[in-house]
2 protein chains.
Amino acid sequence: MYIEHSVMTMTNHLNLKSAAAEKSSHPEYFNIAVSVDCVIFGYEGKELKVLLIKSDFEEFSDLYSLLGDLVKPDEDLDAASYRVLRERTGLDDVFLQQVHTFGAVDRHPSGRVVSTAYYSLVNINSHKLNINTNDLHWHSIKSIKKLAFDHKKILDTCVQMLQEQIMDHPVVHNLLPEKFSLRALQELYEAILGTSLDRRNFRKKIALKNWLSELDELEEGVTHRPGKLHKFKTKPLNLLKGISK
Amino acid sequence: MYIEHSVMTMTNHLNLKSAAAEKSSHPEYFNIAVSVDCVIFGYEGKELKVLLIKSDFEEFSDLYSLLGDLVKPDEDLDAASYRVLRERTGLDDVFLQQVHTFGAVDRHPSGRVVSTAYYSLVNINSHKLNINTNDLHWHSIKSIKKLAFDHKKILDTCVQMLQEQIMDHPVVHNLLPEKFSLRALQELYEAILGTSLDRRNFRKKIALKNWLSELDELEEGVTHRPGKLHKFKTKPLNLLKGISK
DNA sequence: TACGTTTGTGTATATCGAACACAGTGTAAT
DNA sequence: ATTACACTGTGTTCGATATACACAAACGTA
């Protein structure tokens, strides 16, 4: 039931074909595989995006799927999600939030896999971001109608969690450059929430959170009156620290 | 790696001793066991309680643990939590809410077990409730300092989730008899939240939810002015339907 | 210098949570 | 029958917060 991971990290999601073969010869040892799926959000062109990979399962040809992998026997569940993120994006020290565990018997065509979903927010334009295969692509959330496995449901669940958390916690930190205008921040919130927000009320609300400090710099390269730049006072939420209430 | 469940249902939590023995002879097939842990809340004597079993692990002698079991290979994760609840309490059709999945490598002394926590609310005095062993006991939440495994952390997480949900969803339905006074409801909320509440404000708030209907009956057997009885308009939240927003 | 676009700011209104008091009704004891 | 006791049932005020909404100033461009 244990699957060589070095093989898997460069391929798409889980490869249970060999495990399924083992199952028939050693049924008493085959129980349930444990995996993590990472919903890696990015932000670009005023759209919330998610990093997907083309499914290499016949059952799901032409569909995309989330990035996931089996959890290693000597690896914490949280650490597995962090490893997937690192292996896929080269990013370290990024906020990861556990969302829900999906455990329907038939959710994976090759065998029984229980998968815990995490979401993460990364800066698409970060110089540290290193997408290590051509198979990975950013997809606008709005354009996604169908994914492999139950990944659409996982995605929807994570989007909803993200929406619930952005007003209470400065999770969007990683989606923006270090310095940004309030307008940019508002556009980000609008993209995540899928609504438009009143500008004055938004600024008041954000000001009350006390998350930002205003810089003595103006945005540049815009064709209108430039706004003041801001930055987050605190470091981005830390790896796996999660959200404290 | 697959463990006979009929043996387990009457014993305490997981029994991985045999699995651990298998591990050394067939390391390549031993991956990770998947379990569920149920935090079954009850309410009695104005206290929030939880159903616990005495741990039969040497490592945790004299400690109590939550009710859990391994998930069967052909059983949905949610169904496993439902089965544990049914096997332990005889109760059917009860609200269950997934809360979090705990996956630290060292959380179980006998081997690698990833466990998904659920909470549930049951009526301690229900005639349907049938606690099928003498090893199960209700413990006041406030009195619990330490549990086996990481179960104290699981319990705390579930209590917190319950506290967050009771004002938005009529989850406490199952903790009360069919007809109850507003005072009884308030005492229940106070027990769950661990605070005292202003009576007039509480009644206003509950009235706004529109969850209750007032009956033409008064409470009986009290030594003071009796209050009007109320009941929930809707059926209790359903099995595994979860909370919809 | 006029236009287009965005910045930056404040007020009025409705809603919500928190604090708070008093008359009424049933029981139990005398 | 009277009284003590314990709880029911109810409304207002205050501060905080959400929402709706308008206008002058700044910068770039033509």
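Predicted model only: the values in this text are computed from it and were never measured. Protein chains get the first letters and strands the later ones, always in sequence-line order, with residue 1 at the start of each.
Side-chain contact between T116(B) and T116(A) is absent, with no heavy atoms from C-beta onward closer than 4.5 Å. P236(B) has its side chain out of reach of F95(B): every pair of non-hydrogen atoms, C-beta onward, lies at least 4.5 Å apart. The side-chain heavy atoms of V113(A) and F149(A), taken from C-beta on, include no pair separated by under 4.5 Å.
The nearest heavy atom of DNA chain C to V222(B) and to T223(A) marks one nucleotide each, and the one closer to the 5' end goes with T223(A). Looking at which nucleotide of DNA chain D each of H224(A) and P226(B) is closest to, the 5′-most match is held by P226(B).
Nearest approach of K54(B) to D62(B), heavy atoms of both residues: CE-CA, 4.2 Å. For the residue pair D76(A) and V105(B), the shortest heavy atom distance occurs at OD1-N, 2.6 Å. Shown here for A80(A) and V71(A), the closest heavy-atom pair between the two residues is CB-CG2, 3.8 Å.
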Anything under 3.5 Å between a donor and an acceptor, one on a side chain of residues 226-234 of chain A, the other on a protein residue two or more places apart or in another chain? List them.
unit_1	atom_1	unit_2	atom_2	d
K228(A)	NZ	E214(A)	OE2	3.2
K233(A)	NZ	N210(A)	OD1	2.9

Listed pairs under 3.5 Å, donor-acceptor, residues 191-198 of chain A side chains, sequence neighbours left out:
unit_1	atom_1	unit_2	atom_2	d
D198(A)	OD2	R200(A)	N	3.2
D198(A)	OD2	N201(A)	N	2.9
D198(A)	OD2	N201(A)	ND2	3.2

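Atom CZ in R225(B) sits about 7 Å away from atom P in dG26(C), given to the nearest Å. Counting to the nearest Å, the P atom of dT15(C) and the CG atom of L208(B) are 11 Å from each other. In this structure, NZ of K228(A) is placed 20 Å from P of dT6(C), rounded to the nearest angstrom.
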For DNA chain C, what is the dot-bracket line, given that a base pair needs Watson-Crick (N1 to N3, plus N6-O4 or O6-N4) or G-U wobble (N1-O2 and O6-N3) geometry with both distances under 3.5 Å, and | means paired with another strand? ||||||||||||||||||||||||||||||
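Ring geometry for H139(A) versus H137(A): interplanar angle over 60°, hence perpendicular rather than tilted (30 to 60°).
Judged as a ring-ring contact (aromatic ring centres under 6.0 Å, His included), the pairs with a partner in residues 198-229 of chain B (not counting sequence neighbours) are, in order, Y189(B)-F202(B).
Protein chain B contacts DNA chain D from dA6(D) to dT12(D), reading 5' to 3' and using non-hydrogen atoms of the protein with a distance under 4.0 Å.
Remark: R199(A), R200(A), R203(A), K204(A) in residues 197-207 of chain A come within less than 4.0 Å of DNA chain C through at least one heavy atom.
For the atom pair F180(A) CZ and L215(A) CG, the distance stands at 8.5 Å (nearest 0.5 Å).
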